[in-house]
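Since the structure comes first, as structure tokens, the remarks are kept for the end.
As the structure lists them, so they are numbered: ligands from 1, and atoms in each ligand from 1.
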Amino acid sequence: MRGKFITLEGVDGSGKSAQAALLADGLRESGFDVIATREPGGSPGAEDIRALLVRGAVTRWDPMTEALLHFAARKEHLNHTIRPALDAGTWVVCDRFADSTMAYQGYAHGLGPEPVRALYELVVGALAPDLTLVLELAVDVALARATSASGEDRYERMGRAFHDRLGDGYRDIARLEPDRCALIDAGGTVDEVQSAIRAAVGERLGVGLA
Ligand code: TMP
């Protein structure tokens, strides 16, 4: 049986990466084969492309170039990591996926939704996450919490207005696809947020989690 594809989304500092790792642990403890992966990155070529995106000057790329680089990385990640795992029956927990391109490049950088949808169709096609957990947190709190690996702070330097538009983007994404997306309040403790995530996974995907 094909594995399930779960993605986590949210603004920088929403705690997604830690929550993704805890969810993967919980699924493993419940007996599933699971890989935890991330975007941009998750395969050797995609990690090379990541380095171009998360470092350097804020104005380094035109918004369309940036969307193309994210989708180029995504193509590699799909080919080498995501599709082989799902086909083998392994569950994939992915820290960010294409909703990040919609929120960051489509909304916050002002590219608009249509180019992002067109690229999705070309690069990803019919595959979609079975469940997307959208972590919601006030921008001020999130930016104060955001801690990047050294030098990987290009997006965090994009300013307050950029991050406000991101929040709007994620809310629209969740509103347009309520069957796929579950909004999670990320304002609680790590344990509280993880409990809400496990409840959503159990309810939406019909699995019992410890
Ligand atoms: P990370 O810090 O969550 O690993 O992600 C790196 C940054 O890349 C993060 O600030 C969001 C940004 N990003 C986009 O702008 N578009 C995308 O499609 C993806 C996957 C990430």
Side-chain angles (χ1 to χ4, degrees), residues 5-24 36-43 45-78 81-82 92-113 115-124 127-129 132-137 139 142-170 172-173 181 184 186:
F5 182 24
I6 302 174
T7 60
L8 286 93
E9 294 283 354
V11 297
D12 300 283
S14 59
K16 291 171 297 70
S17 307
Q19 294 295 339
L22 290 170
L23 174 61
T37 186
R38 69 166 180 184
E39 289 204 348
S43 73
E47 290 287 337
D48 288 346
I49 297 169
R50 175 187 175 93
L52 299 173
L53 285 158
V54 297
R55 294 169 181 277
V58 162
T59 53
R60 173 170 195 190
W61 306 113
D62 170 89
M64 176 58 96
T65 310
E66 200 166 302
L68 290 167
L69 285 169
H70 279 292
F71 270 103
R74 185 159 299 129
K75 177 70 177 156
E76 289 298 304
H77 188 209
L78 282 163
T81 306
I82 297 176
V92 175
V93 174
C94 192
D95 178 359
R96 298 193 182 282
F97 189 62
D99 293 315
S100 284
T101 319
M102 183 60 87
Y104 280 74
Q105 284 68 50
Y107 279 76
H109 266 326
L111 193 59
V116 180
R117 287 201 189 103
L119 288 169
Y120 191 103
E121 177 92 21
L122 274 170
V123 172
V124 187
L127 179 71
T132 297
L133 301 153
V134 181
L135 272 59
E136 276 205 304
L137 191 61
V139 171
L143 280 178
R145 273 193 196 175
T147 48
S148 289
S150 58
E152 291 202 340
D153 61 348
R154 181 168 165 264
Y155 286 96
E156 280 154 38
R157 286 186 269 114
M158 288 195 182
R160 175 62 201 255
F162 180 90
H163 287 88
D164 283 337
R165 292 195 293 277
L166 271 183
D168 296 342
Y170 276 125
D172 273 4
I173 289 166
C181 299
I184 304 288

(request) Indicate whether any N or O donor in one side chain lies under 3.5 Å from an N or O acceptor in the other, for Thr37 and His77. (result) yes

(request) Output all residues satisfying salt bridge (charged side-chain N to carboxylate O under 4.0 Å, His left out) with Arg117, sequence neighbours left out; order by chain, then residue number. (result) Glu114

(request) Applying salt bridge (charged side-chain N to carboxylate O under 4.0 Å, His left out), name anything that partners Glu156, two or more places apart in sequence or on another chain. (result) none

(request) Report yes if some heavy atom in the side chain of Thr101 is under 4.5 Å from a heavy atom in the side chain of Phe71; otherwise report no. (result) yes

(request) With sequence neighbours left out, write down each residue that passes ring pair (Phe, Tyr, Trp, His ring centres under 6.0 Å) with Tyr170, or none if nothing qualifies. (result) none

(message) Which protein residues come within less than 4.0 angstrom of ligand 1, counting heavy atoms only?
(response) Asp12, Lys16, Glu39, Pro40, Arg50, Val54, His70, Arg74, Arg96, Ser100, Thr101, Tyr104, Gln105, Tyr155

(message) Once you measure the plane-to-plane angle for His109 and Tyr155, does it fall in the parallel (<30°), tilted (30-60°) or perpendicular (>60°) bin?
(response) tilted

